[in-house]
Structures are given as structure tokens and as C-alpha cells.
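Below is one structure, written out as C-alpha cells; comments come after it.
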Number of protein chains: 2
Amino acid sequence: MSQTVDRALTILPLLAEGPANLEQVAARLGVHKSTALRLLRTLHAHGMVYRQQDQRYRLGARLFALAQQAFESLDVREIAHPHLVALNERCGHTVHLAVYEDGEVVYIDKVESRYPVRMYSRIGKPVAITVAAVAKLLLADLPDAERRAVAERLDYPAYTARSTPNAAAFLRELTVVRDRGWATDFGGHEESINCVGAPIRGADGRVVAACSLSAPNVVVSADELLALLPALRGTAEAISAEFSGKPAKPAR
Amino acid sequence: MSQTVDRALTILPLLAEGPANLEQVAARLGVHKSTALRLLRTLHAHGMVYRQQDQRYRLGARLFALAQQAFESLDVREIAHPHLVALNERCGHTVHLAVYEDGEVVYIDKVESRYPVRMYSRIGKPVAITVAAVAKLLLADLPDAERRAVAERLDYPAYTARSTPNAAAFLRELTVVRDRGWATDFGGHEESINCVGAPIRGADGRVVAACSLSAPNVVVSADELLALLPALRGTAEAISAEFSGKPAKPAR
DNA sequence: GTTGCAGTTGCAGTATGTGCAACGTGCGTT
DNA sequence: AACGCACGTTGCACATACTGCAACTGCAAC
């Protein structure tokens, strides 16, 4: 691992918290001002950070472009999208698509019926990994060792009384989810929000993504949401089929 | 500037083109495999790249999270959003919001009436800078020297017969735009798409962002679109007022 | 005019990144 | 089944490029 690059990359999440000046960056990195300056200049040259008029640095526009391109190269998302829209049109609820990557679960698509214009604001956000239905599905499919390792490493924040309390409970839940083939989150993240999820599998049967339906329980009871499970699973299977069926991606 | 960091950051746009293996990365960087490996490992440790099952690298999920956070810290976007939605509801056309940053213009918000679920796919994309109405507005307000420098540096792709042909024409157009206080793009990017834009100004009168209305000319003629100019300018001014009026951002 | 602060620069020393060459490992082939 | 190839990985010696220092600049406040 490269120390210099490591330091430079540490600056990015630091600036994500808010703009910072040279001294603050240097202090947080534990390096000399001149060192921080050089790193920031390099980041700047690549558009990763931007220097605002008060001379403080913040994250730069190139990040948007990169994230954008990263999204576009996610095959699952592309294939899944029309299916998710169809599902949303059918039942009207919020639809999520998420993937697992190195200990994190992130939303890569979202179709929301009520506030369509706000949807992008959540894409890219890390998922509440210990409670979300999609997270359970994705983690449930990991190899034993990795699943356990991740579970042990996690924090278990008590969002609500029904949040997963600890690693043991989480691992038990994951076993249930894996055997059953679908997952729920009944008020585990926000008291009044329920959620059901289904896995999307690649040609080899491994779970490559997960999708879910969410709705506030004042609109839809948990039972009513479960009644939508067949539609959700149908969607997930349609996506799985299409994803497995066309393995030949236009490789470069 | 740091050579090591520079090389590491060069990897990111390279991977944005599509997944690549170690040798390809090393070759593109012009360094030894082992060097590329170390850089990739460091990027990986920060979640900036992800190693897929075929061992090739692609952009990682952390980029999504960072871009996400960067978006959220853009004050203009936050203030502008409800205004843009209102404008969209009023006239039904696509609404864009863009900012200028270091020679690039990027969309930071978009409200689209017809395909709401697709909107995020364009946010973050670099704008066609030589023709887009928002780009003209943002560049028109730059200091003379910088404006000229940027204009000279640009390419002028002939998207259509009405695309801006060269730097001289572009600079002339920018003068017009600045004096007039609004901009157009009539088929300069896509033959059938017309567009009008208006500037959003900070407390000091400088243009901090620009918003625009776009519509295909089969739906709305250029004249009809121009008729919406008062509404658009009203929106832009409302955003400007709110942005200037509440200077006290909860600074950290 | 003077003081203080934040950013910037040049430089010497050495920590750190680099390329090399040898080693593993997985996969397709004969 | 054994082989060979291609690609990723490792340890090491060398020297490049990164670091911290200290002095300098520009700017703003008093």
C-alpha cells in the first residue's frame, strides 16, 4: 500500500464532512502543511477537490462524473431498471435496488412513486446494513467465513425497538432469510416503515443484487405488503433470468 | 504535485471506461505491474475501486457515497430544488440546474416530467459546454481572461449544423448572453431540442449556477419556449434571492 | 505602519515508491 | 492427466520522489 496515496484518499471523506482549509486538512492527516498542500494540489489537478473562493477545499465535480460513469457500467442496474419501474407502476410503492461490495451495501437504484424528483438523493447512500431487507439478502448469500466476519465487525445501532440487536441475532436472521429466499424489515430502521425484499441471482445462483418494496404502515399494513411478495419475487426472478440469460456483455 | 497520487488518480477515469485488469492498468499508466498493483491495492482499501470475480478492477461503491455527500453539501442545489420542481409543474418541461467548476460545467439537478425515473442518470454528467444554454450563462460571467482561456482550450464538436463552430463565435455568443441576461440553445446539441436558460446569482451578483428549460420542438416551438422565459427568469431570480438572502449557512 | 495569520516555496535527508526477477496459481490445451 | 502459458503476487536493492523544516509572501486587522 502506498502511504502517499493513502493520505490523499483520506482527504476525500474528510472533505465530505464539509469544506476545510489547508491547516485543518494537515491537522486531520497528521502531516505538515506543505505535505497536505501537495496532496490537495494533486487532487485538485484531477478535479477531485475544488477550491472555493474563501480558499477552502471541498469535493470536486469530477467525483460526480466518475460516480455517474460507475453507475452506468453496472450491468445489473441497467437490466433491472425497467423491471423495477414496472413493479412500481403496479403497486405504487418505493422500489429499491442494492448491491454488496466489500462489507458495504449501497443502493444503486430507486423508484419512488410519490416524490419522483427526489429519488437520486438516496442513490449511493450506504444502506442501514443490519436491518434493511436488501442487506440481509445480500449478506445471507456470502460464504460462511466472510458472512461471520462482516457480522462481527458491524455496529448494531438501535434505530428502533425492533432493530437487530447484535451479531448473533443478525446471523440467525440471515440463516432464515437464506433458507426462505426473501427478507423483511418491519420497522427495524424507521418505526413506521415496512419493507420486503427478494434476491437477484446470477447464472451461477449467487446473489448479485437485491430489490425491495417499502411502504409506511399507515398506508399499507405488514400483511398487505406481504401480499405483494409474489409480485416482488416475480420481478426479482425476471431480472435474474435476463441477467443470467445474456452473459455476453459488449466487452471492450 | 505528487507523482504517486497523480498516477493513482489517473486510474479512476481509466476504469470509468470499463473494467480493466492489472496489466492493462499498468500499461495505460506506463508503469510496472507491481507499481500498478500497489496503487490499486491502496485505492481498493479506500473503496474507490472494486475487484470483481474475474479479478478485474472497476470503480467502487465509495465513489457513490462521496459523490452523494458532495451533492448534499451544495447549498445552491438544496435551495434551488423546490423552485425547479415548481417550475416543472407549471410548464411540464425538463428543468436543469448546472454549475461551473474549473473549466467544466456539470448538471447538479434535473427535473424531468416524462421520464422521472431516469433523471438521475444525467446528473453529474459533464454538459456539452460549447452549446448548452446553462454553459453559456456560466462562462459568460467569468473574468475576461479566464473566459477567453477556457474558450480557446475547448473543442467545438459539430453536434448539429447549429452548434457553436469555434472559439470566436463562442466568445461573441457569450457577450450577447451576458448583456441580455439569458441564453438559448436552439438545436445546437440535438437537432430537435430547444432550450432556454437563466442565471442564478449570489449576493455579490456573480453567477453561481444556471437553470434551464428544455423541450423537443415537436412539442413546443422555439417561440413557445421563449414565451416561458418570464417564468424561468422568475424562478432563477427567486432562487438567487433565497441564496443571497440567507448567507448564514451552518458553517462548521 | 505594524502585527499576525494562512498559504506558499526551496531545500536537504531519507523514508518511500519503483522496477526487476523469481515465484505462485489458475486455466485452457494437447 | 500433465503440461504450458498468462497473469497476479512477492521480496529486495536502488534511487527517486516525498517529507518536514524554516523562511518568505500576501493579505487583513488593528
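Within every chain, numbering begins at 1; the chains are lettered A, B, ... in the order of the sequence lines, protein sequences first and strands thereafter. Please read all numbers here as calculations on a predicted model, not as lab measurements.
In this structure, A/Thr42 and B/Leu9 approach most closely via the heavy-atom pair O-CD1, 3.9 Å.
When each of A/Arg206, A/Arg178, A/Arg147 is checked for a side chain to side chain donor-acceptor pair (under 3.5 Å) with A/Asp141, only A/Arg206 meets the rule.
Rounded to a whole Å, the CD atom of B/Glu23 is 16 Å from the P atom of D/dC5. The separation between B/Leu39 atom CG and C/dG19 atom C1' is 13 Å, rounded to whole Å. Distance A/Leu22 CG to C/dA6 C1': 8 Å, rounded to the nearest Å. Distance CG (A/Leu40) to C1' (D/dC18): 15 Å, rounded to an integer number of Å. Counting to the nearest Å, the C1' atom of C/dG17 and the CG atom of A/Asp6 are 14 Å from each other. In this structure, CD of A/Gln3 is placed 8 Å from P of D/dG20, rounded to the nearest angstrom. Look at NE2 on B/His32: it is 13 Å from P on D/dG8, rounded to the nearest Å. One can place NZ of B/Lys33 at 12 Å from C1' of C/dG24, the figure rounded to the nearest angstrom.
Contact between the side-chain N/O atoms of A/Arg56 and the OP1/OP2 oxygens of C/dG7 is not found at any separation under 4.0 Å. Phosphate contact (OP1/OP2 of C/dG7, side-chain N/O of A/Arg41, threshold under 4.0 Å): absent. Phosphate contact (OP1/OP2 of C/dG19, side-chain N/O of B/Thr35, threshold under 4.0 Å): present. Distances shorter than 4.0 Å separate none of the side-chain N or O atoms of A/Thr4 from OP1 or OP2 on D/dC18. Residue B/Arg38 has no polar side-chain atom (N or O) positioned under 4.0 Å from OP1 or OP2 of C/dT16.
Counting non-hydrogen atoms under 4.0 angstrom, A/Ser34 reaches a base of the nucleic acid.
For the atom pair A/Thr4 OG1 and B/Asp6 CG, the distance stands at 12.0 Å (nearest 0.5 Å).
Classification of the B/Tyr156-B/Phe170 ring pair by plane angle, with boundaries at 30° and 60°, yields perpendicular.
When both pairing distances are held under 3.5 Å, C/dC27 makes a Watson-Crick or G-U pair with D/dG4. Pair check for D/dC14 finds C/dG17; Watson-Crick or G-U wobble, both atom distances under 3.5 Å.
Heavy-atom distances to DNA chain C give each of A/Gln55 and A/Arg7 a nearest nucleotide, and the one nearer the 5′ end belongs to A/Gln55.
Each of D/dT19, D/dG20, C/dG17 was ranked by its minimum atom distance to the side chain of A/Val31; first place goes to D/dG20.
Under a cut-off of 6.0 angstrom, the local environment of CD in A/Gln53 is sparse, with at most 12 non-hydrogen atoms contributed by other residues, nucleotides or ligands.
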